[in-house]
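For reference, the structure is listed below as structure tokens.
As the structure lists them, so they are numbered: ligands from 1, and atoms in each ligand from 1.
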Amino acid sequence: MKLYYAPGACSIGIHVLLEEIGKPYETERVNLQQGEHFKPTFTAVNPKSKVPTLAKDDGSIVTEYPAIAYWLARTNPFADLLPDDIDAAARAIELMDYVIATMHMQGFGRLFRPSAFTPNPADEDAVKARGRDIVERGFALIDAALEGREYAVGKFSIADSAIFYVEFWSKHFSMTLPANCAAHLARMLARPAVQRVLQQEGLA
Ligand SMILES: N[C@@H](CCC(=O)N[C@@H](CS)C(=O)NCC(=O)O)C(=O)O
């Protein structure tokens, strides 16, 4: 199994899941700043030019964070990354999808790359402000979901890996996380798997 990743990108959440599973895997760094993800060696693997991308042992490829996380959880049941209870499992997927589709793609997307959301450079500050609103509203919802819980659905699951990467990103934009999210981030940072990933990605 090989994970294509970029340091500190959303792929960090999948990297954490691989460390939590604990089986051997390879990593290949993709330099997004240098546009490596648009070069033929990478587009031959993932024509969508995105990380995370997972190459399975049989050579087939899985893309899209929720699909990779779900596949890892289902193929490694001993790691207990998705609850057996169907309602709790649906809740974990619901939270993960909200983090990725809304907070990341709509919110942080506007903050990282406002030019992708408007053809007019003069509008970019307004785009960023809208991105910040989406992210802050998202953290308020995640904070409520975490009330009285250490992890999103009680025990650690694929949802926490996604919540972790947006919490981690909040520091780039000097955001103050609401209390339950701040405690969740601290809890995640204390997990040995997360510490190993931060070391491996050069972010410790
Ligand atoms: N919908 C994708 C989003 C992945 C994504 O946006 N990855 C970013 C890094 S955090 C990326 O590869 N960006 C490169 C680009 O868009 O040029 C998923 O769920 O995996």
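Taking a heavy-atom cut-off of under 4.0 Å, ligand 1 is surrounded by Ala9, Cys10, His37, Phe38, Ser49, Lys50, Val51, Pro52, Glu64, Tyr65, Pro66, Ile100, His104, Met105, Arg113, Trp169.
Annotation: Phe112 is in aromatic contact with Phe173 [ring centroid separation under 6.0 Å]. A distance of 6.0 Å or more separates the ring centres of His37 and Phe42.
The side chain to side chain contact (heavy atoms under 4.5 Å, CB included) search around Ser115 returns Arg113, Glu124, not counting sequence neighbours.
Enclosure of atom CZ in Arg191 by more than 12 non-hydrogen atoms of other residues, nucleotides or ligands within 6.0 angstrom is indicated.
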Given Leu54 and Leu72, is the side chain to side chain contact (heavy atoms under 4.5 Å, CB included) satisfied, shown in steps?
-> CA-CA 10 Å; Leu54 190 78; Leu72 286 173; 4.1 Å; yes
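Ser60 and Asp58 share a side-chain donor-acceptor pair at under 3.5 Å.
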